[in-house]
> 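If you scroll down you'll find the structure; I have some questions about it.
In the text below, chain A, chain B and the rest are named by the order of the sequence lines, each starting its count at 1.
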Number of protein chains: 2
Amino acid sequence: MSANRRISIAVIRRLPRYYRYLGELLENDIKRISSKELSERMGVTASQIRQDLNNFGGFGQQGYGYNVEYLYKEIAKILGLNNKYKVIIVGVGNLGQALANYVKFEQRGFELCGLFDVNPRLIGMTIRGIEVKDIDEMESFVKENKIDVAYLTLPKSKVRKVAEDLASWGVKGLWNFSPVDLDLSSDVVVEDVHLSDSLMTLSYRINRQMQLKEAQTKKSNK
Amino acid sequence: MSANRRISIAVIRRLPRYYRYLGELLENDIKRISSKELSERMGVTASQIRQDLNNFGGFGQQGYGYNVEYLYKEIAKILGLNNKYKVIIVGVGNLGQALANYVKFEQRGFELCGLFDVNPRLIGMTIRGIEVKDIDEMESFVKENKIDVAYLTLPKSKVRKVAEDLASWGVKGLWNFSPVDLDLSSDVVVEDVHLSDSLMTLSYRINRQMQLKEAQTKKSNK
DNA sequence: AAAACTATGTTTAAATTATAACATTTACTT
DNA sequence: AAGTAAATGTTATAATTTAAACATAGTTTT
């Protein structure tokens, strides 16, 4: 297993889910778990769990299974949850404020350091002891405080420019909530949360479900 | 092409993105587009675009390409964006409030009808003219108003029970923001937005990126 | 009006991803 | 202590997904 073999993004996106389930097991004082039992709880195949984990190393023991606490910590390491990231939020509208108040993210190492907006009515306000600053002050703030990550919760018309600026100032990751694809030249990582896309998918699936249901009742009625 | 052949969720999740790009083309008064040009703009293959669309029908014309406005409307139909859904939000904390204020969702057919919480300090408050009600009133409200969809923005400890109730009251879709997997027996559709998972993925990718960068500079320095 | 070109829809091939199978090691039981 | 059962890590197979190839229909140009 070459350390630098690229691991599929699908695998990565399953890790947080494993992590969540292991956390629950821990809370219930369950010390060990087999891939089989975990697979039944999670609704995936045991084979997939074993394969996914073995991308990163052999964390289990034959005949025994996995030690829950150990595996939990190892996944945290893989995901880099022991690292600390200094965060700013750009755009302190409703969503920005909501994210600012989410304490859980801090537990994952994402420490909120700054809030920025253009709206004079928001500037000066404080959330969890942090003052909302004018976006004009952002450049010096980011550079001086070595900000790692920015949550982008500003209108889509402005997000591209802001993203480019942040990237050029050395920010490593962007959590993008705008319905825009940011294709930045530099090696900054962009993680999108396209709420609108998600809602459209929900719409499709509801319709699909209703069609299926209709077809079923029709079938059983003839 | 059988009308009832199940279409992969990966395809479905690409549709909103196509829709977004087509919307932008429309705004720029671009009347027609070929799969090739769209593929270049979007950073996907032309083949994939054609294949994806052909799951639902032949919307293009050989030698010409796709009529932007027509395709835009067809994708809206596929996604069910012409339908109207009556929505309630359960849990009017920061995130719930943020979603309540998002007007864009209304444009997609998701009409906010009710807000519910257990917190007495929130009950009675209004957002966009809608009063926050006690969660005890939810059952009759959902049944009387034939609510289709609920946004779940309440603490994870309570979300399972609420989801089961809503499902039993005939709600068709749940937009779940809690870090919990809702496996409901009924045929209600659950669309998850696991923000915490997304953030962990960002964490992984930032680390990965930094490792790559380090390896690069090391290489070029020897 | 004919020829050259464009670009779809569809078929075929390649690549990727997921599942199953299995050999081996460890744990547990009698 | 020996034998049986359990469960991993890994290899092989199957399924799915993506990309390429291509035949055909339609458009544009001369």
Side-chain angles (χ1 to χ4, degrees), chain A residues 1-18 21-22 25 30-75 78 201 204, chain B residues 1-18 21-22 25 30-75 78 201 204:
Chain A
M1 186 194 59
S2 146
N4 264 29
R5 195 180 76 259
R6 197 185 148 279
I7 288 155
S8 134
I9 188 69
V11 173
I12 304 304
R13 289 197 188 282
R14 284 195 290 266
L15 292 180
R17 189 149 177 265
Y18 295 143
Y21 274 81
L22 289 166
L25 292 175
I30 295 170
K31 306 290 184 197
R32 63 185 259 193
I33 188 97
S34 68
S35 60
K36 182 160 177 285
E37 199 194 330
L38 187 57
S39 77
E40 283 159 3
R41 286 172 182 256
M42 296 186 64
V44 298
T45 64
S47 184
Q48 180 164 75
I49 293 175
R50 294 205 298 277
Q51 288 243 22
D52 282 350
L53 296 177
N54 269 86
N55 281 300
F56 304 97
F59 303 121
Q61 200 163 26
Q62 287 170 329
Y64 175 87
Y66 298 90
N67 177 294
V68 174
E69 191 179 354
Y70 173 69
L71 185 54
Y72 184 75
K73 286 181 179 168
E74 285 299 314
I75 293 179
I78 294 166
T201 306
Y204 174 87
Chain B
M1 186 195 60
S2 145
N4 263 28
R5 196 181 75 259
R6 201 186 146 278
I7 286 155
S8 135
I9 188 68
V11 173
I12 304 305
R13 290 196 188 282
R14 284 195 289 268
L15 292 181
R17 189 150 177 265
Y18 295 143
Y21 274 81
L22 289 166
L25 292 174
I30 295 170
K31 306 288 185 201
R32 65 186 257 194
I33 188 97
S34 69
S35 60
K36 182 160 179 286
E37 199 195 329
L38 187 57
S39 78
E40 283 159 4
R41 287 172 182 255
M42 295 188 65
V44 298
T45 65
S47 183
Q48 180 163 76
I49 293 174
R50 294 204 299 277
Q51 288 242 24
D52 282 351
L53 296 178
N54 269 86
N55 281 300
F56 305 96
F59 304 118
Q61 201 163 26
Q62 288 172 329
Y64 176 87
Y66 298 89
N67 177 294
V68 174
E69 191 178 354
Y70 173 68
L71 184 55
Y72 184 75
K73 285 181 179 168
E74 285 299 313
I75 293 179
I78 294 165
T201 306
Y204 174 87

> Measure distances between side-chain N and O atoms of Gln62(A) and base N and O atoms of dT8(D), and say whether any donor-acceptor pair falls under 3.5 Å.
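Looking at the base of dT8(D), it does pair with a donor or acceptor on the side chain of Gln62(A) (distance under 3.5 Å).
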> Which of the following nucleotides, dA19(D), dT8(C), dT10(D), is nearest to the side chain of Gln51(B)?
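The listed nucleotide nearest to Gln51(B)'s side chain is dA19(D).
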> The side chain of Arg32(B) is closest to which nucleotide in this list: dA7(C), dT26(C), dA7(D)?
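When the side chain of Arg32(B) is considered, dA7(C) is the closest of dA7(C), dT26(C), dA7(D).
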> I want to check one thing: is the phosphate of dG9(D), taken as OP1 and OP2, less than 4.0 Å away from some side-chain N or O of Tyr66(A)?
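It does, given that an N or O in the side chain of Tyr66(A) lies less than 4.0 Å from OP1 or OP2 of dG9(D).
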> In this structure, how many angstroms lie between the C1' atom of dT16(C) and the CD1 atom of Ile12(A), rounded?
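For the pair Ile12(A) CD1 and dT16(C) C1', the rounded distance is 16 Å.
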> Looking at the side chain of Ser34(B), which of dG9(C), dG9(D), dT8(C) is the nearest nucleotide?
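Among dG9(C), dG9(D), dT8(C), the one nearest the side chain of Ser34(B) is dT8(C).
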> For a 4.5 angstrom cut-off between non-hydrogen side-chain atoms, does Phe56(A) reach Leu15(A)?
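Counting from C-beta outward, Phe56(A) and Leu15(A) do come under 4.5 Å.
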> Does any non-hydrogen side-chain atom of Arg50(A) lie less than 4.5 Å from one of Tyr66(A)?
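Yes, their side chains come closer than 4.5 Å.
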> Heavy atom of residues 38-49 of chain B under 4.0 Å from DNA chain D: which residues?
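Heavy-atom cutoff 4.0 Å gives Thr45(B), Ser47(B), Gln48(B).
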> Keeping the roles fixed (side chain from Arg17(B), backbone from Met42(B)), state whether a donor-acceptor pair exists under 3.5 Å.
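Judged by distance alone, yes, a pair lies under 3.5 Å.
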> Rounded to the Å, how far apart are Asn54(B) CG and dA7(C) C1'?
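Those two atoms, CG and C1', are 12 Å apart.
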> Starting at the 5' end of DNA chain C, which residue's closest nucleotide do you reach first, Ala10(A) or Phe59(B)?
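The answer here is Phe59(B).
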> Just the rounded figure in Å: distance from P of dA23(C) to CZ of Arg50(A).
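Atom-to-atom, Arg50(A) to dA23(C), this comes out as 15 Å.
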> Nearest-Å distance, CD1 (Ile9(A)) to P (dT16(C))?
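Atom CD1 in Ile9(A) sits about 15 Å away from atom P in dT16(C).
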> What pair of heavy atoms forms the shortest contact from Tyr64(A) to Arg32(A), and how long is it?
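It is O-NH2, 3.2 Å.
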> Measure CG/Leu53(A) against P/dT8(D) and give the value in whole Å, please.
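In whole Å, dT8(D) P and Leu53(A) CG are 9 Å from each other.
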> Between Asp52(A) and Ile49(A) (side chain of the first, backbone of the second, donor and acceptor by atom type, cut-off under 3.5 Å), is there such a pair?
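No; judged by distance alone, with no hydrogens or angles, the pair does not exist.
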> Between dC5(C) atom P and Lys36(B) atom NZ, what is the distance in whole Å?
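Computing the Lys36(B):NZ to dC5(C):P distance gives 15 Å.
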> Measure the shortest side-chain to side-chain distance between Ile78(A) and Tyr18(A) over non-hydrogen atoms and say whether it is less than 4.5 angstrom.
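Ile78(A) vs Tyr18(A): side chains apart.
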> Check whether any side-chain N or O of Gln61(B) sits under 4.0 Å from OP1 or OP2 of dT27(D), and answer yes or no.
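Answer is yes, contact under 4.0 Å.
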